[in-house]
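Beneath this line is the structure, given in structure tokens, with notes to follow.
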Amino acid sequence: MPKPYARFKDISVSERILNTVFLLTIGLGYIVALINMYYTHQGRDGKPGLSIEDIVIMYHGSNNQTRLGSAINGIMAPNLKYQSDKEVIMKWIHDGAEQNGYEKDVAPILNRDCVHCHNPAVNPSLPNLTNFAGVSEVAHSGGASVPVLVRVSHIHLFGIAFILFFIGKIFLLCDINIYVKRVAVVIPFAAMLLDVLSWFITKSISSFAYVVVLSGALMGLSMGVQILLSIYQMWFFRKDVAA
């Protein structure tokens, strides 16, 4: 007789505690990541709040404003020590964003107010404002460059994949229909891959920004369902016959 598959009723209380604190920590971390994403990307269109236009500017770019200009007029404006510095940066962008003007006028401002966050050693997902090459990428029209998307996507894929794997391993102990379970563990991985792929497509086709939002929402929702259902079945659900 084949050995039955393990379910939450088969694991010890210590394992349940370990699984629960892991899932709760991951859930809290994901919520904080969403808040960080909101504050990182909102205001690119010069308006408060996160919108589809902000996503379009992030990946596709804008015909009438640069990413740096949008940030300086929006989310990054409060970070400037002197509001007069905003006009200095905007004039530099308007004049062509050349290296001489950067070293003379712009670099001191960015080094003082921006590089503590916009530094690849601290946050590789944010534009690199520590040198002219990095600043130039966001000071001209156009969205994120392909090298930037490649760098961010490989970090995203490696990191999120491990998180989804461990959440899925715990979720497999749930006592639900086996076919539902098999589909459920695949959905967040598929959504993650679609999300990353849509970054590159949005660079060429701006309307794919909607796919970025929807695929990201699907990944988060599927993760949330797995976490909540796992915690519920670990502590509150009892069934003698395994699915």
Side-chain angles (χ1 to χ4, degrees), residues 1-38 41 50 52 55 58-59 124-125 149-205 207-243:
M1 181 177 180
K3 182 180 178 181
Y5 290 109
R7 295 292 184 261
F8 283 124
K9 62 183 177 62
D10 302 318
I11 67 176
S12 67
V13 173
S14 297
E15 288 177 288
R16 295 182 191 183
I17 293 173
L18 176 62
N19 289 341
T20 301
V21 295
F22 170 77
L23 293 175
L24 290 175
T25 302
I26 290 296
L28 178 60
Y30 188 75
I31 292 172
V32 174
L34 291 177
I35 295 172
N36 177 69
M37 181 183 68
Y38 173 84
H41 298 307
L50 184 63
I52 286 292
I55 305 301
M58 169 65 187
Y59 296 107
S125 65
L149 291 179
V150 170
R151 183 181 73 242
V152 175
S153 62
H154 98 270
I155 296 171
H156 189 85
L157 288 170
F158 278 130
I160 299 297
F162 276 109
I163 292 173
L164 295 180
F165 174 79
F166 287 114
I167 292 176
K169 286 286 286 185
I170 297 173
F171 176 73
L172 290 177
L173 298 175
C174 283
D175 197 355
I176 59 176
N177 181 277
I178 188 65
Y179 297 106
V180 172
K181 191 184 300 184
R182 289 172 180 173
V183 172
V185 296
V186 170
I187 288 176
F189 285 94
M192 175 184 63
L193 293 173
L194 179 60
D195 183 30
V196 172
L197 178 63
S198 62
W199 299 350
F200 292 87
I201 299 177
T202 302
K203 182 165 179 61
S204 299
I205 306 173
S207 57
F208 250 78
Y210 288 95
V211 181
V212 174
V213 175
L214 293 176
S215 57
L218 177 60
M219 186 185 73
L221 179 62
S222 58
M223 281 178 55
V225 169
Q226 289 188 24
I227 290 172
L228 293 175
L229 187 58
S230 296
I231 292 175
Y232 167 73
Q233 288 213 357
M234 263 190 287
W235 298 103
F236 306 108
F237 178 78
R238 293 293 180 268
K239 185 176 179 181
D240 294 333
V241 181

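With hydrogens and angles disregarded, a donor-acceptor distance shorter than 3.5 Å links the side chain of S215 to the backbone of V212. S198 places no side-chain N or O within 3.5 Å of a backbone atom of F208 that could act as its donor or acceptor partner. A distance-only check finds a donor-acceptor pair linking the side chain of D10 to the backbone of R7 [under 3.5 Å].
At a cut-off of 3.5 Å, with distance as the only test, a side-chain donor of T20 or W235 sits close to an acceptor on the other residue.
Using a 4.5 Å cut-off on side-chain heavy atoms (C-beta onward), L194 and V211 make contact. Put simply, the side chain of L23 reaches to within 4.5 Å of the side chain of S230, judged on heavy atoms. Between V150 and F200 there is a side-chain heavy-atom pair separated by less than 4.5 Å. Side chains of M192 and F189 form a contact here, defined as non-hydrogen atoms less than 4.5 Å apart. When side chains are defined from C-beta on, V196 counts as touching W199, because their heavy atoms get closer than 4.5 Å. Side-chain atoms of L24 and L28, non-hydrogen and from C-beta on, never get closer than 4.5 Å to each other.
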Just distance, no hydrogens or angles: give the donor-acceptor pairs under 3.5 Å from side chains in residues 216-223, sequence neighbours left out.
unit_1 : atom_1 : unit_2 : atom_2 : d
S222   : OG     : L218   : O      : 3.0
S222   : OG     : M219   : O      : 2.9

Show me the side-chain donor-acceptor pairs of residues 166-173 shorter than 3.5 Å, one per line, residues at least two apart or across chains.
none

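From L193, atom CG reaches atom OG of S153 across 11.0 Å, with rounding to the nearest 0.5 Å. From I163, atom CD1 reaches atom OH of Y30 across 10.0 Å, with rounding to the nearest 0.5 Å. Rounding to the nearest 0.5 Å gives a distance of 12.0 Å between CD1 of I31 and CD1 of I26. Note: I187 CD1 to L164 CG = 12.0 Å, rounded to the nearest 0.5 Å. Remark: Y232 OH to F237 CZ distance equals 6.5 Å, nearest 0.5 Å. Once rounded to the nearest 0.5 Å, the distance linking CD of E15 with CE of M234 reads 10.5 Å.
In plain terms, the two heavy atoms of H154 and R151 that are nearest each other are ND1-O, 2.9 Å. Of all heavy-atom pairs between H156 and D195, the closest is NE2-OD2, 4.1 Å.
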